[in-house]
Structure formats: structure tokens, C-alpha cells
Number of protein chains: 2
Amino acid sequence: MTHVQHAFPAVGGENLSASESEQAWSDFTQMQGCHLIELRSHEAIYYDGDPASRVYEVVEGAVMLYKLLPDGRRQVVDILKSNDLFGYPADDIYDCSAESLTGATIRSMDRAQVESRAQLQFHLNRGLRRQLQDLHEHTVLLGRKSAFERVASFLMRFVPNRGGNGCAGPRGKKDDWDIVLAMTRQEIADFLGLTIETVSRVLSEMKRRELIRIEKQDRIYMRRVCDICKHTGIH
Amino acid sequence: MTHVQHAFPAVGGENLSASESEQAWSDFTQMQGCHLIELRSHEAIYYDGDPASRVYEVVEGAVMLYKLLPDGRRQVVDILKSNDLFGYPADDIYDCSAESLTGATIRSMDRAQVESRAQLQFHLNRGLRRQLQDLHEHTVLLGRKSAFERVASFLMRFVPNRGGNGCAGPRGKKDDWDIVLAMTRQEIADFLGLTIETVSRVLSEMKRRELIRIEKQDRIYMRRVCDICKHTGIH
DNA sequence: CGCGCCCTTGACCAGACTCAATATTAGTGG
DNA sequence: CCACTAATATTGAGTCTGGTCAAGGGCGCG
């Protein structure tokens with residue numbers, strides 16, 4: 001598969017000691033009934049309501065979770081990156097549908113096996129808490145941000161170590177960045193709670209203001225990352 | 001404190017065996033540096049950005065988590081009920097502010113103690129996954145539902161075992177219900193991603209259509225629960 | 001009784017949606 | 001490599017939902 005800048009760059013397990021982290025890792029990979037699955041772009045992994053007998057982890061690539069309303073409205077509730085766990089609901093049926101966004105490798109694990117490993121729980125726990133925090137952030141976006149702010153925030157997710165609270169600022173004089181969305185306008189719209197037309201209009205407006213250049217639809221060049229960041233609503 | 005119908009009625013730990021559940025419980029209560037705090041309505045517990053040295057659990061009452069944008073926009077990202085854990089971020093600072101919504105009792109625990117108990121991790125884990133699912137549901141509300149649908153969905157949270165997938169349906173001929181919001185219009189608006197005026201208008205519209213009666217501002221009588229439910233967008 | 005806080009209502013406005021036409025891109029086969 | 005097609009994206013015009021601003025009402029509490 002092609003190299004892609006993911007929307008949610010993986011962060012290291014700083015709060016986990018090296019030995020804990022390693023232990024958790026080997027538990028994962030050596031577990032019984034655990035195997036890797038290679039997916040092409042836009043392949044279904046499971047559907048909302050299916051019995052949840054297997055738990056998954058993104059090894060490489062990106063996966064989206066979405067929910068549908070009966071009249072067809074769709075909301076992408078999360079976009080998962082490497083090391084993210086998914087398909088592990090509180091009860092025994094999946095609460096969302098899951099689909100690969102890019103070409104991806106995922107690890108499929110037997111749920112009973114996962115639940116039988118005590119050491120693994122610390123690891124899962126931390127992953128869940130990180131996802132919860134990401135979702136809190138997204139809640140603010142959906143509840144309180146304008147279309148322009150939503151798209152700006154979305155673009156900033158593709159720039160590692162920028163935006164958010166611990167923003168490093170521009171490293172030198174140059175502060176440009178190139179990203180590959182790896183999502184259609186429809187998927188972006190469904191993630192940001194907008195329509196495809198609004199997403200398109202905002203991107204065009206950003207282009208007009210020379211904040212970005214659009215190359216081949218899903219390749220976006222950001223002239224100055226800081227200028228985009230100023231429009232995310234968090235400054 | 002007064003008796004209140006909570007927005008998120010506690011659900012039992014069906015997937016946890018009785019012994020596991022009991023073990024986790026006794027771990028909680030007998031833990032060192034663990035104590036109960038009684039709160040009046042609308043008392044701050046901690047603020048976004050504070051160092052996260054203590055983890056909390058709602059024992060009784062309701063607690064809200066919220067985030068602020070620098071220009072003052074507020075989003076209530078979660079409303080917690082009995083048995084919900086909070087104040088346990090992936091890193092070492094709180095990612096939200098926490099405040100009691102009603103009079104409440106919370107359990108304050110030393111984070112290091114919490115993290116040292118292996119058996120506790122299963123318990124925490126399950127709680128986190130349930131919160132994640134609730135947040136997925138809320139994401140759909142914020143991203144894809146109309147003002148009317150949001151308020152209807154909000155009201156349905158106060159009715160136990162109704163709405164959602166496993167809806168029991170009306171038990172007999174009568175299908176009415178009385179609820180106490182225990183939230184101001186502003187808090188409801190900040191939770192639903194609306195303005196106070198819109199919330200007020202939708203409630204008035206529901207009154208006009210005789211779907212509800214409003215008694216004393218935060219007491220709402222639902223004539224037929226099913227009629228409200230039809231407007232949540234999930235049917 | 002009167003003050004203050006919250007809630008409701010109205011008039012107007014704006015941002016985002018809908019519907020429709022056109023443009024661009026990616027994919028396919030000659 | 002090019003032509004053709006299907007899918008996706010852009011743009012425009014008009015509408016509508018929900019936001020803004022402002023005035024008035026209700027309720028609790030001292």
C-alpha cells in the first residue's frame with residue numbers, strides 16, 4: 001500500500017513502563033486464535049448489531065467506525081490509526097459498523113482470549129482512555145464549531161505534533177506541510193457532521209485565501225500550518 | 001438530596017461474573033487514600049488541564065464533564081451517573097472540567113493505587129467501554145440530528161429501558177412518564193450543541209403538540225413515551 | 001413586596017442544507 | 001496513449017433551520 005499520513009498519528013505509551021508495554025505486546029501477538037487480516041480500501045470488517053466475538057487492533061492503515069440512522073443519515077464516529085483497539089463493546093454486539101479507510105492490516109483476536117489475560121487489561125485500558133479523550137475533542141467539534149473550524153481542525157489532525165494543547169509551533173522558518181486525506185469528501189462530511197457540498201465549499205474558500213493548495217483531490221498542501229491552526233477555534 | 005431520575009440509568013454488569021464484580025467493588029472501597037466526597041449542586045470537582053493525580057467514581061447523583069473554547073463556547077461532553085468512572089485521562093492532566101450537576105456523592109481515589117490493582121482493571125475496562133459506546137451515540141446526535149430530534153433523544157434518556165435498540169415498548173395501556181431534568185436550559189443546550197433559545201422553543205413546541213407538559217420548569221410529564229420516541233431519529 | 005435569575009417569545013439574520021447543473025478525476029478498454 | 005464512462009467533486013441559486021439580539025414573563029427567595 002501507499003504511504004499515508006494518518007489523521008491520528010500514533011502516540012507512544014509514555015505512561016506504560018517498558019516491561020509492561022512489552023508484555024502486553026507479546027500477549028497480543030502470541031495469543032491463541034489471533035491472526036492478521038490484510039484489507040484493501042473500503043472493505044467492511046463488521047456491522048452494527050453483529051455478535052461481537054472478535055476484538056480487533058489496527059496494525060497499519062486506518063479504519064473508520066460509523067453508525068447509520070434508519071433514514072440513511074450516516075455519522076462516522078471515529079477514525080482509528082495504528083495501535084488502536086476496536087470491536088470491543090461493553091456488551092456482546094457491536095455498537096458501530098467498521099470499515100477500512102485505506103489499505104490496512106488489522107489483528108483479529110478471540111474475545112475470550114483477550115479477556116482472559118490480566119496483564120493485557122492495563123494496555124487495553126490505556127488505549128480506551130485515549131480514545132475517550134479523542135472523542136471528547138470531537139464532541140466539541142460537532143457541538144460547537146463552525147464548518148470552517150471543523151475542516152481546519154480536521155486538516156490539523158494530519159500534522160503530527162501540531163495543534164492541540166502541546167503544540168510545538170513551527171520548527172523553523174518554513175512551516176508548510178503536505179497531507180494525503182485518504183478519504184472521500186463524503187466520508188469527511190460524515191465525520192465532521194456536514195454535507196459534502198459544505199466540505200467542498202470550505203476547501204475552495206481555503207484555496208481562495210491561499211491557506212491550502214489542492215492537488216489531485218485528496219492531496220493537500222498547507223502553505224503555513226500556523227495559519228490553518230488559527231482557524232480551528234482553539235486559539 | 002432529592003430523588004432524581006438520572007439521564008443515564010445505571011446498567012448492571014451482566015458480562016462480569018458475580019465474583020469478579022464483588023472483588024472489584026471491594027478493591028474500590030477498601031483502597032488506601034480513598035474517600036467519599038459529598039457535593040452540592042454545581043460544585044467544581046477539577047478543571048481541564050489540572051494535574052490528574054486522583055481518579056473519581058460517581059456513587060450517587062450526576063456529574064458533567066465539559067470543555068471550553070477560548071472564546072467561551074462550552075460543550076458538555078458527558079453526563080455521568082452512578083458507577084461511572086471519571087478523571088482518569090490517558091496522560092497526566094485532566095482533559096475536561098468536571099462539575100456536579102445535582103447534589104452528589106463521589107468516591108475520590110489515588111491514581112497510583114487504582115493502577116496498582118490488577119483485578120480492578122477488568123472493572124475499569126468495562127466501564128470505559130460503556131462510556132465509549134454512550135459517546136458514539138452522542139456523536140450521532142451532535143453530527144446528524146435536528147434540534148427536535150436532539151431534545152426528544154435527550155428526554156428519552158430519562159426513561160429507563162426505553163428508546164435505543166433494546167426498547168421494551170410500553171408495558172401496558174398507559175405509557176406516560178414523569179421526569180426531573182435537574183439541569184438548566186443552558187446546560188441542556190451545551191450538552192445538545194444548541195442554544196438555550198432553541199431548547200426552549202423545542203420544548204414549547206412539544207408542549208403545543210401535547211407531547212409533554214412542563215411543570216415547574218425542570219419537571220416534565222410525558223403523556224405517551226412512544227410518541228416522544230418516534231421523534232428521536234432512531235425509528 | 002421586590003429583586004434577581006432563569007426561561008420564553010418574537011423578529012430578524014446567517015450559516016449550512018437542498019437541489020441542480022457542470023467540471024474534474026479515476027478507471028477501463030481499445 | 002487516448003477515448004469513453006462512471007464516479008466524485010465543485011459551483012450556483014434558493015431555502016430553511018437554528019442562531020442572534022432584544023424584550024417580556026415567571027418563580028423563588030430574602
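By convention in this document, chain letters (A, B, ...) are assigned in the order of the sequence lines, proteins followed by strands, and residues within each chain are numbered from 1. Every value quoted in this text rests on a predicted model; they were computed, and no experiment measured them.
- As a whole-Å value, the separation of I214(B) CD1 from dC7(C) P is 11 Å.
- Checking the phosphate oxygens (OP1, OP2) of dA16(C), no side-chain nitrogen or oxygen of T198(A) falls inside 4.0 Å.
- Put simply, NE2 on H231(A) is 14 Å from P on dG15(C), counting in whole angstrom units.
- Q217(A) has its CD atom 15 Å from the P atom of dA23(C), to the nearest Å.
- Backbone-only contact: L194(B) has heavy atoms under 4.0 Å from sugar-phosphate atoms and none from a base.
- Between D71(A) atom CG and dT18(C) atom P the separation is 11 Å, expressed in whole Å.
- One atom, CG of D190(A), and another, P of dC17(C), lie 11 Å apart when rounded to the nearest Å.
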Derivation and outcome, ring pair (Phe, Tyr, Trp, His ring centres under 6.0 Å), residues Y56(A) and Y46(A): CA-CA 10 Å; Y56(A) 300 89; Y46(A) 55 75; 5.8 Å; yes
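- Residue A147(B) places its side chain closer to dG18(D) than to any other of dA16(C), dT9(C), dG18(D).
- Between D190(B) and R74(B), at least one side-chain nitrogen of the basic residue sits less than 4.0 Å from a carboxylate oxygen of the acidic one, meeting the salt-bridge criterion.
- Here the nucleotide nearest the side chain of E197(A), chosen from dC19(C), dC7(C), dT8(C), is dC19(C).
- If F148(A) and S200(B) are placed on DNA chain C by their nearest nucleotide, the residue sitting closer to the 5' end is S200(B).
- Atom P of nucleotide dT8(C) and atom CZ of R201(B) are separated by 11 Å, given to the nearest angstrom.
- Under the 4.0 Å criterion applied to side-chain N and carboxylate O atoms, E210(B) and R224(B) are not assigned as salt-bridge partners.
- Ion pairing of D134(A) with R129(A) is absent here, as no side-chain N (NZ or NE/NH1/NH2) approaches a carboxylate O to less than 4.0 Å.
- With rounding to whole Å, K216(B) atom NZ is found 13 Å from dG26(D) atom C1'.
- Checked for salt-bridge contact, E149(B) and R144(B) miss the test: no charged N lies under 4.0 Å from a carboxylate O.
- OP1 or OP2 of dG15(C) has not a single side-chain nitrogen or oxygen of S146(A) nearer than 4.0 Å.
- Atom NZ of K207(B) and atom C1' of dG25(D) are 12 Å apart (whole Å).
- Residue T195(B) has a polar side-chain atom (N or O) positioned under 4.0 Å from OP1 or OP2 of dG19(D).
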